[in-house]
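Below is one structure; the comments refer to it alone.
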Amino acid sequence: MHKLRFLVSRRWVAFALVVVFLGWVAWRLGEWQFDRLEERQDRNATIERNEEAGADPILEVMAPGRDVTRDTEWRIVEATGTYAVEDTVIVRYRTREGAAGVDVVVPLELPDGSSVLVDRGWFGTDNRGATSEDVPEPPAGEVTITGFVRQDAEGDSTQVSDQSTRAVNSGEIAQALDREVLGGWIDLRTESPEAATPLAPVEMPELNEGPHFFYGLQWWFFGALAIFGFFYLMYDEWRGGRGPWGKTRDEGARSGAAAERAPASEIAQEPAVDRKHHARQE
C-alpha cells in the first residue's frame, strides 16, 4: 500500500476533487437533457391526444385572470366573436427560415364582453418598423375560430409598448389595451370565414423527440471519460509511469539523487584543481 501514498499528496487530492466535480456536473447535465426529453414526449402525446379529441368551448377551458396550466396547454378550443382590429398587437422578432417578420395578435371579443388573444399567424416584414397598419386585417364581422391554448410568457420580453411586444403575456397586454382578456392566449388553427389575405400559419412544434437523448448520453460519456482518465493516470503513476504531471517517479528520484550528490562532487573536485594550480606555480 505504500505505493499508493502519492494519492494523499496535495496535487492528487486536488486532481480527485476536480474529477469528482466534473463527473457530478456531467451527470446533472445528462439528467437535465433526459428530463427535457420526457417533457417533450409528454407534450407530443398531449398534442396528439387533443387533436383526436377535438375542440372544447373556450370558456370551459379559459377564464379572465386564470393562468393556463401545463395540463391545460395545447387543449383545442373553439370560440365565436368579433376581432378588435384597433387593438392589434405586433409580436416582434419572429424570424422564419432567415426572413424577418412578426406575429400578429388580435383580441377576439366574445359574447360575454371578455376577449381572448389570438395569434393569427406570421407576416414577413421589418421586425422593428412593423405596426398594426402594415399587416393584413382579419375577417370582418362574426368569426368562428379554433386554436391551441398557450401559456403566457414571462420576463422583460413581455412588456408592451405602442401595441408591440416581444412575447405574449395576457396580463401585460390586457393592461396596455385596458381590456378584460382571458388568461393565456390562442395559437390559431382554423378561422371561418377566412381572411382576404391570410397570414402564414402559426408554427406548431415538431412532434419528434429532438436531440435530447443523444445529448444526455454525451454528457454521461464525458463524465465517465473523466473518471476513467483519473484511474488510468493513478494506475500509471502507481506502476512508475509519468502520471498527470510529466515525470516518472524514477526520473524524479534520479534527479533528486543527482541534486544531493552535486555539492559533494564539487567539493571533491576543489582539491584536484588546487593541486594543478600549485604544480604550475612550482
Side-chain angles (χ1 to χ4, degrees), residues 25 28-29 31-33 35-40 42-43 46-47 58 61-75 77 83-109 114-136 138 145 147-189 199-206 210-212 215:
V25 170
R28 293 295 299 162
L29 289 173
E31 281 192 328
W32 173 63
Q33 287 293 339
D35 288 342
R36 292 190 64 190
L37 172 62
E38 186 175 353
E39 291 175 0
R40 189 156 185 164
D42 291 342
R43 184 207 64 187
T46 299
I47 293 174
I58 192 168
V61 181
M62 305 170 71
R66 186 171 70 194
D67 293 336
V68 172
T69 64
R70 288 185 60 183
D71 295 333
T72 306
E73 190 171 30
W74 301 113
R75 289 274 296 274
V77 294
Y83 281 120
V85 182
E86 68 279 3
D87 284 341
T88 297
V89 175
I90 300 298
V91 186
R92 306 186 304 274
Y93 307 114
R94 290 293 188 265
T95 302
R96 288 195 187 184
E97 299 179 356
V102 297
D103 274 5
V104 182
V105 174
V106 188
L108 182 71
E109 295 180 340
S114 62
S115 301
V116 60
L117 300 176
V118 180
D119 186 343
R120 297 189 56 248
W122 181 84
F123 181 70
T125 184
D126 180 18
N127 274 320
R128 291 185 176 274
T131 67
S132 58
E133 297 178 356
D134 300 323
V135 300
I145 68 154
F148 290 97
V149 177
R150 299 300 309 276
Q151 286 183 304
D152 286 327
E154 298 179 350
D156 295 338
S157 61
T158 62
Q159 295 178 359
V160 182
S161 176
D162 296 328
Q163 291 187 209
S164 69
T165 184
R166 289 184 289 132
V168 181
N169 180 285
S170 59
E172 293 285 344
I173 293 178
Q175 184 176 359
L177 299 179
D178 192 21
R179 177 183 290 273
E180 182 185 38
V181 303
L182 308 185
W185 48 285
I186 302 296
D187 265 340
L188 184 65
R189 187 166 176 255
L199 301 173
V202 173
E203 285 188 317
M204 295 302 297
E206 296 182 1
H212 305 299
Y215 285 170

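Residue numbers count from 1 along this sequence. Basis for what follows: all heavy atoms, side chains included, without hydrogens, waters or symmetry-related copies.
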Which atom names give the shortest non-hydrogen contact between [X] and [Y], and what distance separates them?
| X | Y | value |
| --- | --- | --- |
| Gly147 | Ile186 | CA-CG2, 3.6 Å |
| Arg120 | Val106 | CD-CG2, 3.8 Å |
| Val149 | Met62 | CG2-SD, 3.9 Å |
| Glu39 | Arg70 | CG-NH2, 4.1 Å |
| Gly101 | Trp122 | CA-NE1, 3.5 Å |

Using a cut-off of 6.0 Å, state whether more than 12 heavy atoms not belonging to Arg96 lie near its atom CZ.
yes
Around atom CD of Glu86, are there more than 12 heavy atoms from other residues, nucleotides or ligands closer than 6.0 Å?
yes
When Arg179 is tested against each of Leu117, Ile173, Asp87 for side chain to side chain contact (heavy atoms under 4.5 Å, CB included), which residue passes?
Asp87
Can you tell me which residue among Val68, Thr158, Val181 is in a side chain to side chain contact (heavy atoms under 4.5 Å, CB included) with Ser170?
Val181
First locate atom [atom1] of [X], then atom [atom2] of [Y], and finally report the distance between them rounded to the nearest 0.5 Å.
| X | Y | atom1 | atom2 | answer |
| --- | --- | --- | --- | --- |
| Leu108 | Ile58 | CG | CD1 | 7.5 Å |
| Arg36 | Glu38 | CZ | CD | 13.5 Å |
| Leu199 | Asp103 | CG | CG | 9.0 Å |
| Gln151 | Asp67 | CD | CG | 8.5 Å |
| Trp74 | Arg150 | CH2 | CZ | 3.5 Å |
| Thr125 | Arg92 | OG1 | CZ | 13.0 Å |

Short side-chain to backbone donor-acceptor contact, [X] and [Y], under 3.5 Å:
| X | Y | answer |
| --- | --- | --- |
| Ser157 | Thr165 | no |
| Arg66 | Val61 | yes |
| Glu172 | Val160 | no |
| Asn169 | Ala153 | yes |

Would you check, one step at a time, whether the test side chain to side chain contact (heavy atoms under 4.5 Å, CB included) holds for Val135 with Ile90?
CA-CA 9 Å; Val135 300; Ile90 300 298; 4.0 Å; yes
Do Leu37 and Gln33 come close enough that some side-chain heavy atom pair is under 4.5 Å?
no
Do the side chains of Ile145 and Val118 get nearer than 4.5 Å, heavy atoms only?
yes
Quick test of your reading of the model: are Arg28 and Glu31 salt-bridged, counting only N-O distances below 4.0 Å?
yes
Please assess Asp187 against Glu203 for the test side chain to side chain contact (heavy atoms under 4.5 Å, CB included), listing each intermediate value before the final yes or no.
CA-CA 9 Å; Asp187 265 340; Glu203 285 188 317; over 6 Å; no
Hits for ring pair (Phe, Tyr, Trp, His ring centres under 6.0 Å) against Tyr215, two or more places apart or cross-chain, chain-then-number order -> none
